Number of protein chains: 2
Amino acid sequence: MVAPADDAVFRPVRTGNPFEETVERLLQAIKLGVVMPGDRLPAERDLATRLNVSRVTLREAIHALTEAGYVESRRGRYGGTFVNERLPKPRRTAAKRIARELGDGLDDALILRDALETGAAEAAANRALSEAEEAHLERCLADTAAAKLTDYRRFDSRLHLAIAEVTGSASLTAATADVRMRLNELLDAIPLLERNIAHSNDQHAVIVAAILADDPEAARQAMQEHLSGTAVLLRGFLA
Amino acid sequence: MVAPADDAVFRPVRTGNPFEETVERLLQAIKLGVVMPGDRLPAERDLATRLNVSRVTLREAIHALTEAGYVESRRGRYGGTFVNERLPKPRRTAAKRIARELGDGLDDALILRDALETGAAEAAANRALSEAEEAHLERCLADTAAAKLTDYRRFDSRLHLAIAEVTGSASLTAATADVRMRLNELLDAIPLLERNIAHSNDQHAVIVAAILADDPEAARQAMQEHLSGTAVLLRGFLA
DNA sequence: GTCCAATGGTCTACCGACGACCCATTGACT
DNA sequence: AGTCAATGGGTCGTCGGTAGACCATTGGAC
């Protein structure tokens, strides 16, 4: 007899080839605000080492992103690959089509995100943060509050990622980044309202305040509410 | 400028080759109790498809596990690859050596596990479970309570995995399986005491009861306490 | 003006994983 | 006793990814 959990453990060992995975990662860096427009990516040799792919593969991925309009490369010392100031607009594919593609994946991602991000908020509040970490959190919070509508998603993502990061768990941060990317496509299909943004910013402030005040329960609670808001929005919009 | 979260998003795209990953997965299935001693693994062709590796690679992995004493293969119809009744003992490497190898990885894994498993308990209690799911949970609970000392870890893992599974999130289940494997090595280095097991079983019962009673808060709380117990044990033993 | 270090751009030989195919074995069913 | 479907066992050509070396370009330092 094979337990029902078998499809979790017998899932594909790799999803896609190194090239595709690398493209995905670079997109993650850009779309989640890890590298901002104008920023330079690490040098090819360094980046290839960190991603554990050959330089050839990395270059192919960069080439793909160049053609898609995300980055541009310059040669010479002090050269490098830079994120474009004007990024391609996410194509507004019909939300329902995307939803159908995701299928059960939507609930899958929402449940996972809930566990990861509420857990992150609680863990972050449980830690004694360094001054640099506190400054980074507040910086991300302020940037997000000041972000233009078209940039909002990116700054929002970076803030959430920053919260995951100050837990000190690299794995948690990585998992959070992954699940956010999965939800990105759907979120892009939903119109962003000023009203929602204002509310979102208020919640962000509460979350960060609770983390800085070392209040795990409040941090978790605030994050929970924040997430349930977008979850309801998503499910409702796609219903 | 590159944000501090860069090492989460620029982490290796793949850890090890397909062969190694496949071995790791099969070990996961065995050590986490997804396939029990005497059970048959899925047929090579099926399993290769599900794992998304070539049959050649899968067979090499199986061969490795055969030599390590985990499985045995029989040919012919109604043949297959079976998990041995007597599994190899985990080698009791000095705990402190392992701890040093893991390094910050211990905290990393503990924090992630906390988020995933408390989140899973809460999510499971929030769902309306089918009769089959409820039966499976109770079955795993009873099996774990009745498990011999040498089998305890396996049944314990299967129960925790079952809780993750009834959330309905495959990703959450997969992540839980992964992080448990990472902690496995360390747990194997710690002597298992009857007293600890009894306590653990009590907590398991409380957790499952809360899930079946659709009480998310209680489920989370109980899981939190359960996990913090082993976390303290781990950190203390390796201090 | 010259130098040179760091960067992107290119090529080549090699290898591991893959896919597809066929063989060998087994035991339930007829 | 014969059949045959399902399974493990094995082989071969192909291709994508890798490693490593080398070339081309740029702009600051001297």
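The structure displayed is predicted, hence computed values, not measured ones. Numbered from 1 within each chain, the chains take letters A, B, ... in sequence-line order.
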A/R14 vs A/G80, nearer the 5' end of DNA chain C by closest nucleotide: A/G80

Find the distance [X]:[atom1] to [N]:[atom2] and express it as a whole number of Å.
| X | N | atom1 | atom2 | result |
| --- | --- | --- | --- | --- |
| A/R75 | C/dA5 | CZ | P | 19 Å |
| B/E60 | D/dG8 | CD | C1' | 15 Å |
| A/I62 | C/dG9 | CD1 | P | 8 Å |
| A/L41 | C/dT7 | CG | C1' | 13 Å |
| A/E44 | C/dT10 | CD | P | 10 Å |
| A/R40 | D/dG27 | CZ | P | 14 Å |
| B/R74 | C/dA28 | CZ | P | 12 Å |
| A/L58 | C/dG9 | CG | C1' | 13 Å |

Heavy-atom check, side chain of A/S200 versus side chain of A/Y152, under 4.5 Å: yes

Nearest-nucleotide 5' precedence on DNA chain D, B/R45 against B/V56: B/R45

Residue met sooner reading DNA chain D from 5', once B/D46 and A/G76 are mapped to nucleotides: B/D46

Among [options], find the nucleotide with the atom closest to the side chain of [X].
| X | options | value |
| --- | --- | --- |
| A/Y78 | D/dG27, D/dG17, D/dT7 | D/dG27 |
| A/S73 | C/dG27, C/dA17, C/dG9 | C/dG9 |
| A/N17 | C/dA17, D/dG17, D/dT25 | D/dG17 |
| A/F19 | D/dG8, C/dA17, D/dG17 | D/dG17 |
| B/S54 | C/dA17, D/dG8, D/dG27 | C/dA17 |
| B/V53 | C/dC18, C/dT7, D/dA19 | C/dC18 |

Side chain to side chain donor-acceptor pair (under 3.5 Å) assessment of B/S73 paired with B/T81: CA-CA 4 Å; B/S73 296; B/T81 300; 2.9 Å; yes

Where A/F10 and B/R25 come nearest, the two heavy atoms and their spacing: C-NH1, 4.3 Å

Side-chain H-bond candidate by donor/acceptor type, B/T230 with B/R113, under 3.5 Å: yes

Pair A/R182, B/S171: side-chain N/O donor-acceptor within cut-off below 3.5 Å: yes

Sugar-phosphate only, base, or nothing, as touched by B/R55 at under 4.0 Å among non-hydrogen atoms: base

Short side-chain N/O contact from A/R77 to OP1 or OP2 of C/dC4, under 4.0 Å: no

Side-chain N,O (A/T57) to OP1/OP2 (D/dT18) below 4.0 Å: yes

